[in-house]
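Here's the structure we're looking at; comments come further down.
Chain letters run A, B, ... following the sequence lines, proteins first, then strands; residues in each count from 1. Because the structure is predicted, anything quoted here is derived from the model rather than measured.
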Amino acid sequence: MREVYNFKAIEKKWQKAWEESNIYIVEEDESKEKYYVLEMFPYPSGKLHMGHVRNYSIGDVISRYKKMKGFNVLHPMGYDAFGLPAENAAIKHGYLPDKWTYENMGEMTEQLKELGLSYDWDRQVATCNEDYYKWMQWIFIQFFNNGLAYKKESPVNWCPSCLTVLANEQIVDGGCERCGTEVTKKNLYQWYLKITDYADRLVDGLDDLDGWPSKVKIMQKNWIGRSYGAEVLFKIENTDLNIKVFTTRADTLFGTTYVVLAPEHSLLKELNLSDEVREKLNNYVEETNKKSEIDRSSTNLEKTGVFLGIYAENPVNGKKIPIYVSDYVLMGYGTGAVMAVPAHDERDFEFAKKFGLDILPVIKPEDDSVDVNNLTEAYVGDGVMINSGEFNGKHNRTVIKEVVETFSKEGIIQSKVNYRLRDWLISRQRYWGTPIPMIYCEDCGWMAEKEENLPVLLPKDVEFTGKGESPIATSKSFQNAVCHKCGKPATREIDTMDTFLDSSWYYLRYCDARNSEKIFDKKKVDYWMNVDQYIGGVEHAILHLMYARFFQMALSDLGFTSGNEPFKNLLTQGMVIKDGRKMSKSIGNVVTPAEIIEKYGADTARLFILFAAPPEKELDWSDDGVEGAYRFLNRVYKLAFVAQEKCHNNDCSYTLSSKDDKELAFVLNKTIQKVAQDVGERFNFNTAISSIMELVNAMYKYKELPNFNEGLFRDAVNKLVLMLAPFTPHICEEMWESLGYEESVCLQSWPEIDEEALVRDTVEIVVQLNGKVKLKMDIQSDMTREDMQSMLLEDEKVKQLVDGKNIVKVIAVPNKLLNIVLK
RNA sequence: GCCGGAGUGGCGGAAUUGGCAGACGCCCAGGACUUAAAAUCCUGUGCUCUUAAUUGGGCGUACCGGUUCGACCCCGGUCUCCGGCACCA
């Protein structure tokens, strides 16, 4: 062992050794308990950033720790490799996206290996590999065959100048990100997945996910937006037509003074309107379509609308009420029509004021704090019913149910649950994604490609111009197909899938990544699943995590896997920032992993990033902090060197002879206990590291003592190296070897705790007067409350403290404190 | 607007179940080593008054109040910042 910590040589040496010995390859092993730790796989942008380092360092510590604790650990890595940046690069450079993507993946793999992460690379997946997207297509076909995938017409964002479809992220301030042209809508037939069928299970399942941050669960709940209410039928005068509305406030039904339809409502075509109104309506609908993209983000839109000149009947009191069209009613939610109760809804109130419509209060506050007959704003609180016939005088909350019960008998109202969640639009008019394996025959309609023909490969004879529908449309070979039913010429779907599909099941494929016969062997999946610990950025709190849960549920229903929830525990790590701001090129505050590894090595980078903040919090990058982490590793390295010099054999047996020995043994074992807790249970790596630092400080003091105990010191060094190994594997492997061990530190067990060393003869307690600390003293440990109290009250120092004053009360907490309350 | 979360020294952060606030690290200061510097090692380091003193006291976890022998922690209210959703009927 050299005296100087040469991280460059050490890290290279061990990375090579680990790779050559296949130390991270795992197999199913029924004799061991499994542990599946997974970090969200990256998009192969080419360069690793600090966010990646943080994410993967966290996963690596957990993985290595669990392995030391005897688990059979699955810790895989791969790439979420389809997506827009590769396609943009293709447009820019004029070659296919695969070149750019595969080069980037190669670079990133190298960087990941430089960090010393314990991945089983044999299980690597890349979603753009044929042997991956083949199974993606296979899943889509299972969904299609089971009614979970369907096609319908819906609008996309369209740039009239580039003649191309834009993703939401490609719209900047209502304009195309490339040319700035105002974005319009265009209707296309697109594929959907029926995620709404799973809305209830997706909400209810959250309650059992104890290992998820409540923040994420609430976000998903809000996103799905389940609300209980009722559908009410309003008859349109002089017709057989009804308007169906959804409401969560059936109690306000008597206060309905008009009805509003969304501009896109299908009923509008069927209504018999005057020419004048019809023209106004058409103009309004056109206006709405135009402004939707630009003004969507602006808050407090002024209410606009058109009176249709016709009336409906309030089913509960027979009142004649006008029918309006307004864009404040959304077609995509509920029935696309609402009953308006201006007295008790802010939006309706605003609209009614503007159009001079009746405002009829039906609820008044119990304390009459608001005069509901002269409202200046909607009264949205609870209270007592008025103007509501038989319900008058009752509390409105109880009336919600009663109204539904009463009028459901007459068939005008019906309980109904609504969701904010819509079905998942998965068609993308893009090249670099999984081709949707569907064929269209004019006579027979849509059909799935046959399983033996999978994968439907991405064509190579395509052009990337940035214009037109999709580069795939430029392929001559791709679109031609044959109908499986009638044998006539047919066409192939040219759209590809949203890349969120690819990442919705990769954790399953890792369980059996090289299977060429099947998507995966169910036995293997059953062995490894669920993911015991999932780690990633909070930006995926809603979409990715919800889609993955949906896939797991659907695949489970179809019998391919078991269980509803893929991720038992979730850790969402915070961002890495510098000087209070996000690292970004434009601010010029980016620190790259590469430069840190070059200057200090991977171990230092890992250690700092885990030490600087608890994982779920933001991490403020500090160059001085990195320096400190590096200093610490040098101190540790020196301890191993001292052990070699001072301890003349590998013998770790010893007896604790002095007080100093006992103290060091205590600190050592306390540290083992604390680190195990912090890493294994709390994921507080920062405090785990700080307690290891305390141990190191204690060892520095100990090594200078005249009555230095070789065996004890040697044992402490060994255990220190073992405890630190999950955090900084390279330096620990080097020290472990120098200490004379042949088997890799990665394969060692977590050090055992010597319970006896944790027992202390004395313990420091605090004496308080009226809750204020006055004295600290050592007393015999584990005294009973009574013994402690009577002994301390007899103590001279304590007596002095009390000074003959009147003791009102004494609180004694064993091994902790004594509080004397004086008058 | 609605729903979450947070607020602790000069800085990052600790305090796990209501029981010593500020662990650990950074910064800074002093000392040892050195011809010198760097590195390293050691010591100090919440604020404030007081003292010959490393003496003695007061204040202190965003702010105001409450519960308690005792509150960073629990309760009520206020402010600020961050995140998510946003005309969802």
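Under the 30°/60° scheme for interplanar angles, the aromatic rings of A:F7 and A:Y630 are found to stand perpendicular. Taking the six-membered ring where tryptophan is involved, the planes of A:Y324 and A:F351 are perpendicular, since the angle between them exceeds 60° and thus also 30°. Using bins of under 30°, 30° to 60° and over 60° for the plane-to-plane angle, the ring pair A:Y702/A:F713 lands in the parallel bin. Between A:H544 and A:F500, the ring-plane angle classifies as parallel under the 30° and 60° cut-offs.
A donor N or O paired with an acceptor N or O is not found under 3.5 Å between the base of B:rC20 and the side-chain atoms of A:K816. Not a single donor-acceptor contact under 3.5 angstrom links the side-chain atoms of A:K809 to the base of B:rC69. A donor-acceptor contact under 3.5 angstrom links the side-chain atoms of A:N819 to the base of B:rC69.
The side chain of A:R420 contributes no N or O atom lying less than 4.0 Å from OP1 or OP2 of B:rC87. Listed pair A:R631 / B:rC26 meets the phosphate criterion, a side-chain N or O lying under 4.0 Å from OP1 or OP2. An OP1 or OP2 oxygen of B:rA23 is reached within less than 4.0 angstrom by no side-chain nitrogen or oxygen of A:N686. For the pair A:R682 and B:rA15, the criterion of a side-chain N or O lying under 4.0 Å from OP1 or OP2 is met.
Using a 4.0 Å heavy-atom distance criterion, A:T247 is classed as a sugar-phosphate-only contact. Using a 4.0 Å heavy-atom distance criterion, A:K221 is classed as making no nucleic acid contact. Nucleic acid contact class of A:E764 (heavy atoms, under 4.0 Å, all strands): base. Among the protein residues, A:N418 comes within range of no part of the nucleic acid, since none of its heavy atoms lies under 4.0 Å from any strand. The residue A:L330 sits close to a base: some heavy atom pair falls under 4.0 Å. In this structure, A:K674 reaches the bases: a heavy-atom distance under 4.0 Å links it to at least one base atom across the strands shown. Among the protein residues, A:R226 comes within range of no part of the nucleic acid, since none of its heavy atoms lies under 4.0 Å from any strand. Across all strands, A:G225 comes closer than 4.0 Å to no nucleic acid atom at all (heavy-atom distances). Contact annotation for A:V329: base contact, defined as any heavy-atom pair under 4.0 Å involving a base atom. Within the nucleic acid shown, A:K776 comes within 4.0 Å of at least one base atom, counting heavy atoms only.
B:rA23 sits 8 Å from B:rA15 when the C1' atoms are compared, rounded to a whole Å. The gap from the P atom of B:rU68 to that of B:rC63 amounts to 23 Å, rounded to the nearest Å. Rounded to a whole angstrom, the distance from the P atom of B:rC69 to that of B:rC79 is 32 Å. Going from the P atom of B:rG10 to that of B:rU45 covers 16 Å, rounded to whole Å. Distance check on atom C1': B:rC75 versus B:rC24 gives 33 Å, rounded to whole Å. To the nearest whole angstrom, the two C1' atoms, one in B:rA39 and one in B:rC49, are 41 Å apart. The P atoms of B:rG22 and B:rG60 are separated by 16 Å, rounded to the nearest whole Å. Nucleotides B:rG66 and B:rA71 place their P atoms 12 Å apart, quoted to the nearest Å.
As a whole-Å value, the separation of A:I689 CD1 from B:rA14 C1' is 14 Å. Rounded to whole angstrom, the span from the CD atom of A:E694 across to the P atom of B:rG13 amounts to 18 Å. In this structure, A:L817 atom CG and B:rG19 atom P are separated by 9 Å, rounded to whole Å. Between the NZ atom of A:K774 and the P atom of B:rG56 there is a distance of 11 Å, rounded to whole Å. One atom, CG of A:D624, and another, C1' of B:rG12, lie 11 Å apart when rounded to the nearest Å. Distance, A:D620 CG to B:rC27 P: 15 Å, rounded to whole Å. In this structure, CG of A:N6 is placed 20 Å from P of B:rA39, rounded to the nearest angstrom. Separating the CG atom of A:L775 from the P atom of B:rC20 is a distance of 16 Å, rounded to the nearest angstrom.
Side-chain contact between A:Y228 and A:T248 is absent, with no heavy atoms from C-beta onward closer than 4.5 Å. Side-chain atoms of A:L268 and A:L308, non-hydrogen and from C-beta on, do get closer than 4.5 Å to each other.
Distance from the side chain of A:S690 is smallest to B:rC24 among B:rC24, B:rC87, B:rU16. Distances were taken from every side-chain heavy atom of A:Q677 (C-beta onward) to each of B:rU16, B:rA21, B:rG25; the shortest belongs to B:rU16.
A:D200 and A:Y419 are linked by a side-chain donor-acceptor pair at a separation below 3.5 angstrom, with hydrogens and angles left out of the test.
Partner assigned to B:rC79 is B:rG7, using Watson-Crick or G-U wobble distances below 3.5 angstrom. The nucleotide B:rU40 finds its pairing partner in B:rA32, both defining distances of the Watson-Crick or G-U wobble pair being shorter than 3.5 Å. Across all strands shown, nothing is found opposite B:rC72 as a Watson-Crick or G-U wobble partner with both distances under 3.5 Å.
In this structure, B:rG76 shows a glycosidic angle more than 90 degrees from zero, which is the anti conformation.
Between A:K303 and A:L619, the one whose closest nucleotide on RNA chain B sits nearer the 5' end is A:L619. Where A:Y700 and A:M339 meet RNA chain B, the nucleotide closest to each residue was compared, and A:Y700 sits on the side nearer the 5' end.
In this structure, the ring of A:F608 has its center no less than 6.0 angstrom from the ring center of A:Y600.
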